[in-house]
Amino acid sequence: MDGDKTAEGEGGSGDGAEFERVFAQVVTDLTQDHLGHPEIGDAIARLKQVLEYNVPGGKRNRGLSVIASFRALAPPQRLTDSSLRLTLILGWCVELLQAFFLVADDIMDQSVTRRGRPCWYRKVGIGLDAINDSYLLEAAVYLLLRRHLRAEPCYVSLLELFLQTSYQTELGQSLDLMTAQPSHVNLEKFTETRYKGIVKYKTAFYSFYLPVAAAMYMAGIDGEEEHCVAQSILLEMGEFFQIQDDFLDCFGDPEVTGKVGTDIEDNKCSWLVVQALTRASPSQRQLLEENYGRHDAESVARVKGLYGELGLRQAFHQYEEQSYQRLCSLVSQQRSRLPPQVFLAFADRIYKRKK
């Protein structure tokens with residue numbers, strides 16, 4: 001469930017600053033009533049630590065997408081100070097859900113760092129207690145929704161949206177774990193169908209559809225047609241984004257991306273290896289079998305060399321151009337009352353990105 005890397009630049013700078021200020025209130029709302037409680041005070045103090053370490057510090061793109069989408073979707077009479085503040089809190093609900101996924105994912109992947117710091121479970125004295133901490137983050141989503149949005153007409157729709165998105169993401173994580181087992185490389189599992197399933201369920205629903213759908217409900221847009229249109233476009237966009245991410249993991253400049261890619265070593269079912277398997281000769285497939293998923297520089301270099309031989313750089317650039325045009329076409333053809341700029345803003349930010 002990793003994904004701390006959606007399109008950059010959501011929301012204006014004013015929204016970003018206000019969004020940061022609201023986080024302190026979010027922590028207070030979730031902890032102040034029971035800090036010092038004779039029975040659960042220590043657990044609430046732990047919750048405060050968990051929140052302050054794991055929720056802020058990322059790019060906040062999912063949360064800021066909520067407020068940016070709400071501004072684009074809501075009629076002027078709905079853009080009141082109180083509704084904007086509720087939408088900022090709703091954005092933090094999305095960020096809390098993200099933090100829940102990441103804390104759990106880091107344990108499953110045995111990751112070392114997250115956002116430039118040790119993963120929460122790797123901090124001294126934490127360890128596998130972080131599993132329960134991830135549950136606290138998930139529960140915080142629903143505590144916050146109940147505290148601030150229970151009186152809103154969209155409350156039940158938001159609850160159902162968050163619950164459904166969690167389930168979808170957990171299904172995607174299951175697919176990923178079953179497909180990319182570190183100790184067992186099985187390239188037979190790396191099919192296009194499996195790849196699309198992982199991307200759709202593990203990343204696209206919560207990174208792309210959830211923020212916009214939450215904003216739609218806040219704006220009073222709850223029709224099935226509008227949500228189906230938004231979902232179809234945003235899931236396509238999520239796939240486009242993940243394929244870019246897979247390409248950058250292998251071919252991106254670490255000075256620009258901020259990380260050294262490890263998909264090959266980690267036996268990940270990435271777009272590149274799926275494409276390689278469809279193009280490889282028997283001898284080239286044998287090379288993949290012998291080198292994919294191995295943690296040594298020579299094996300990684302051989303796989304990257306094969307990707308070059310198979311023309312995967314050029315295949316990606318062709319895919320990127322075709323996918324962007326398809327997204328723009330999907331947006332222009334939709335006949336719902338959703339303004340095209342909600343989707344085009346996403347597409348323009350991720351098209352030809354370098355990180």
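Every heavy atom of this structure was used, including side-chain atoms; hydrogens, water molecules and symmetry mates were not. Residues take their numbers from the sequence shown, with the count starting at 1. Remember, predicted model here, so these are calculated numbers, not experimental data.
A donor-acceptor pair is defined here as one N or O able to donate and one able to accept, closer than 3.5 Å; no such pair exists between the side chain of R71 and the backbone of V66. Formation of a donor-acceptor pair under 3.5 Å by the D246 side chain with backbone atoms of S270 is not found in this model.
Other residues, nucleotides and ligands contribute over 12 non-hydrogen atoms within 6.0 Å of the NZ atom of K189.
With hydrogens and angles left out, the side-chain atoms of S329 and S332 include no donor and acceptor closer than 3.5 Å. In this model, no donor atom of one side chain and acceptor atom of the other lie less than 3.5 Å apart for S83 and R78. One side chain, H148 or D29, offers a donor N or O that lies under 3.5 Å from an acceptor on the other. Inspection of the D105 and Q173 side chains reveals an N or O donor paired with an N or O acceptor under 3.5 Å. Residues Q314 and Q318 bring no donor and acceptor atom of their side chains to less than 3.5 Å of each other. In summary, the side chains of S281 and S283 do present a donor paired with an acceptor at a separation below 3.5 Å, with no hydrogens or angles considered.
In this view, F162 satisfies the ring pair (Phe, Tyr, Trp, His ring centres under 6.0 Å) rule with no residue, not counting sequence neighbours. Every ring pair (Phe, Tyr, Trp, His ring centres under 6.0 Å) that Y53 has, sequence neighbours left out, goes to W120.
Listed here is the closest heavy atom pair of G238 and V199: O-CG1, 4.0 Å. In terms of heavy atoms, A180 sits closest to C269 at CB-N, 4.3 Å. Closest approach of A276 and L288 over heavy atoms only: CB-CD1, 4.0 Å.
A salt bridge links R285 and E188; the closest N-O separation between the charged side-chain nitrogens and carboxylate oxygens is under 4.0 Å.
A centroid separation of 6.0 Å or more is found between the aromatic rings of Y195 and F190. Aromatic ring centres of F23 and W92 lie closer together than 6.0 Å.
Within the structure, side chain to side chain donor-acceptor pair (under 3.5 Å) pairs that include any residue of residues 31-47 comprise R46-D133 (at least two apart or interchain).
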